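Here the structure comes first, spelled out in structure tokens, and everything after it is commentary.
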Amino acid sequence: MSETYNPGQIEPAIQKAWADQAAHRADDGSEDGRERFYCLSMFPYPSGKLHMGHMRNYTICDVISRYQMMCGRRVLQPMGWDAFGLPAENAAMANGVPPAKWTRDNIAHMRGQLKALGFAIDWERELATCDPEYYRWNQWFFLRLLKRGIAYKKTGVVNWDPVDQSVLANEQVVDGRGWRSGALVEKREIPMYYLRITDYADELLESLDELDGWPERVRTMQANWIGRSAGAEISFACRDQTIKVFTTRPDTLMGATYMAIAAEHPLARLAADNNPELRDFLIECQKGGVSEADIATQEKLGMDTGFKAIHPLTGEELPVWVANYVLMGYGEGAIMAVPGHDERDFEFALKYHLPIPQVVSLPEGRAYDDRQWHEDYKAKDGTLINSGAYNGLNCADGAEAVVADLEARDAGRKRIQYRLRDWGISRQRYWGCPIPIIHCEHCGEVPVPEQDLPVMLPEDLVPDGAGNPLGRHEAFVNTVCPTCGGPARRETDTMDTFVDSSWYFLRFTCPDNDQAMVDAETNRWMPVDQYIGGIEHAILHLLYARFWTKLMRDEGLITFDEPFARLLTQGMVLAETYYRKDDAGRTTWFNPADVDVERNEKGQVTRAVLASDGTEVTPGGIEKMAKSKNNGVDPKALVDHYGADTVRLFSMFAAPPEQSLEWSEAGVEGAWRFLRRLWTGVQDHIAGGLPGQVDPGGLDDESRELRRLLHETIVKVGDDFGRRYTFNTAIAAMMEFCNHLNRFGAATDGRRALCQEAWEGIVRLIAPVTPHIAEKLWQDLGHSDSVFEAGWPQVDKTALVRQAVTIVVQVNGKVRGRIEAAPGSGREDIESAALADENVVRFVAGKTIRKVIVVPDKLVNVVAN
RNA sequence: GCCGGGGUGGCGGAACUGGUAGACGCGCCGGACUCAAAAUCCGGUUCUGGUAACAGAGUGGGGGUUCGAUUCCCCCCCCCGGCACCA
């Protein structure tokens, strides 16, 4: 009798053996010619507990890492902590614990959870962004950027909570109010440091084409985010000033009927000086948050300033309006409005009764109606009308002509404009990397000298929600000016946490170097061969990391242009939700682990009840695992119950990695059953003693068939692990093969030798997914080395040869039969065999055969009517 | 509002380059084992009609291209991610 599968015993023992042998150390100092492979997951924010999204992310990463190890590569799989950020401050406010302690406790806890999952992580390279040894290099590099002029200071608009006297994150603005104070949020301009990412817009856009290991959708999103548009800059005189605008449609300049400027535009403020109504309107415009989604969905409001701008070609006077849909942060903070051919301008002009002339002809059959917008109005394929000298030109030629005339009058020129804006990195928050600047009354803003870095963040403060506690920390704030030696104050803003995450992947290559930010090892490991993380990072994090890489290249610190060769964006982890409403209308959410479902004889769910008392609860649909819906499933509890291998197997089997994954306890049971069958299969096999080598030439038909399936499975799984990253279909293929193998009678020595080859094959194939059980079974199958050193199984091409193929026979596209044929049979042979098929004869009876389509080795379609 | 993605049995999903729709797993139904239950093993399981053989329908909805469409094109509906201070 074989011992039963007991992951609770096997997994800790195997993990200990790996740790004792330092099996996952990426660099043992030897140079053995192995190719390097850097496999990286987006590092976690240490929120407290590992959740299923983490578990899925790191399992994908581990499967790829271990597969690459088995293919003979030297693999680096590191782990670190994105440790600065807002949640630590919120937790601090709630519990009175300093963010530093809360964060470090969380890291310790989550590290333990990660280790229990058996990932092949090189823990010697672990880092946390809140460590001064890490963030000192943020500061060091920021100062270099400042010297180069890439970092600079200007004002920016933020959400301001007038009660808490605090800057709020967009997330902290709920329905236009501060989430703690409930006060109406206002926009406020404050000075901040920016990085000139717009200087790199062209390169960031153009090198997207080279990122052929990235999903198309991510490249498209980044390209649209950068948003390069060719157009013209046009100056309109207004009083003694000029209003500069950018337009992509200079051809429609003759259709401009008004100017629209942002509420923060200097001219708007000027106009408000002796216009109380306008002043009130500008105050009104300050209400609400700064997020683009809010601004784009709010009602379009405007007010005439009374100022007139001069049309640069006609000399006509255009009214200047303040409009809340024009933003100071975009372009010039002003636009020329062409309501006939721009939807937002049209809507605004209609509302405020401004003229809406047509200046571009429309397609045949489309009549122009200045009361009803139509998509055709914005098309660029008509010719110019009502445009004086430009009448009759097509839009492209019209644009050229208009710009040429503007240039002649020094009132405009061609320009490329980006949607991308410079990256504001100042945060008015405590738990982040201090910006290394000293404010001196005499010397102004003075960079902290390099030898004084890092500027250490005091770790014992507890924020209270009212501003930044650093500002009240006298020991931190008060310092001396490095230039004049006089009393001075430190900058209390900290850096955006996206700065921390823009280069951590470089630091993993040399985490202990206290002399330099990166070194020669960085160029040897980089770029990351495979990066894995959530699709929600498709734009911001990935764009900033690409930008930062180019900045470091231009500082001469690294030699490559792009950080991530191949990118996999994993889907979210979802689970069913269950709730109950009480008489007061309050909703209580119940965890799926506490709910039983009842089904009818077709398997459809009829009722859900609470396991504890049998009372009914309502299914609320499938949603992202979240605290608010109480539908999170704790990976720890599952690992304790089933073992890490089962949880890993299910999460890789239930869905392809890019799609969302619906958690299912029953599905986990299925994975558990499969591993137990695998275990029992191997144990039953070895109970008969270990057989000798298989003789491929001496196999009976059934054995040859099984061996063909084995080698087809090896090909399929290698392709799925190495190229397609469809782990679900790889696992399905392994399950399918195991089903065959378990049914295969091992009556003879020859067959037992084949079974040995088959079990060894399947154990090696599944090792990347379920490393513990694979390691144990590999030993049981008679090996003293690690299954990961044994390597990926070799394909025997002769085993793949088929004796016959099945060809599908269709009549008019419907399957009517199947014929067997030798592989590579000729068209005529297949056609005559198909036409002789009795079902084909029956379905073409009384009809004329029009044509016969033959796809060799696959399909025949007889077309008849 | 703008940008991007998705929709296939009761459920998760498969079908990779336009060529057998539903692999694999879950659930459900039936059987074996058992005093019984659990576990395990065996068989069945898209829907409709039919005892069955078989026939018809079918990949969110509508239209198109093609011998052939889940796959390509057009229109529409619904769901999800991002929108620059959540990470």
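Model, not experiment: these values are computed from the prediction. Numbers restart at 1 for each chain; the letters A, B, ... are given by sequence-line order, proteins then strands.
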How is A:K300 classified with respect to the nucleic acid when contacts are heavy atoms under 4.0 Å: base, sugar-phosphate, or nothing?
nothing
Quick one: label A:P656 by what it contacts on the DNA or RNA (base, sugar-phosphate, nothing), any heavy atom closer than 4.0 Å.
sugar-phosphate
Base, sugar-phosphate or nothing for A:H537? Non-hydrogen atoms, less than 4.0 Å.
base
Pair A:W423-A:D496, side-chain donor/acceptor within less than 3.5 Å
yes
Determine the contact category for A:W225: base if any of its heavy atoms lies under 4.0 Å from a base atom, sugar-phosphate if only primed atoms, P, OP1 or OP2 are that close, otherwise nothing.
base
At under 4.0 Å between heavy atoms, what does A:M495 touch on the DNA or RNA strands: base, sugar-phosphate, or nothing?
nothing
Which is true for A:T297 with a 4.0 Å heavy-atom rule: it touches a base, it touches only sugar-phosphate, or it touches nothing?
base
Conformer about C1'-N of B:rG9 - syn within 90° of 0, anti elsewhere
syn
Which part of the nucleic acid does A:E662 contact within heavy-atom distance under 4.0 Å: base, sugar-phosphate only, or nothing?
sugar-phosphate
A:E669 and A:R676 ion-paired at < 4.0 Å:
no
Heavy atoms only, 4.0 Å cut-off, all strands: where does A:V852 land among base, sugar-phosphate and nothing?
nothing
Any base atoms under 4.0 Å from A:M572, or only sugar-phosphate, or nothing? Heavy atoms, all strands.
sugar-phosphate
Verify the contact: side-chain N or O of A:R842 to OP1 or OP2 of B:rC54, cut-off strictly under 4.0 Å; return yes or no.
no
Sort by first number and list every stem of RNA chain B: at least 3 consecutive Watson-Crick or G-U wobble pairs, both distances under 3.5 Å.
B:1-7 with B:77-83, B:10-12 with B:24-26, B:27-32 with B:40-45, B:46-49 with B:54-57, B:60-64 with B:72-76
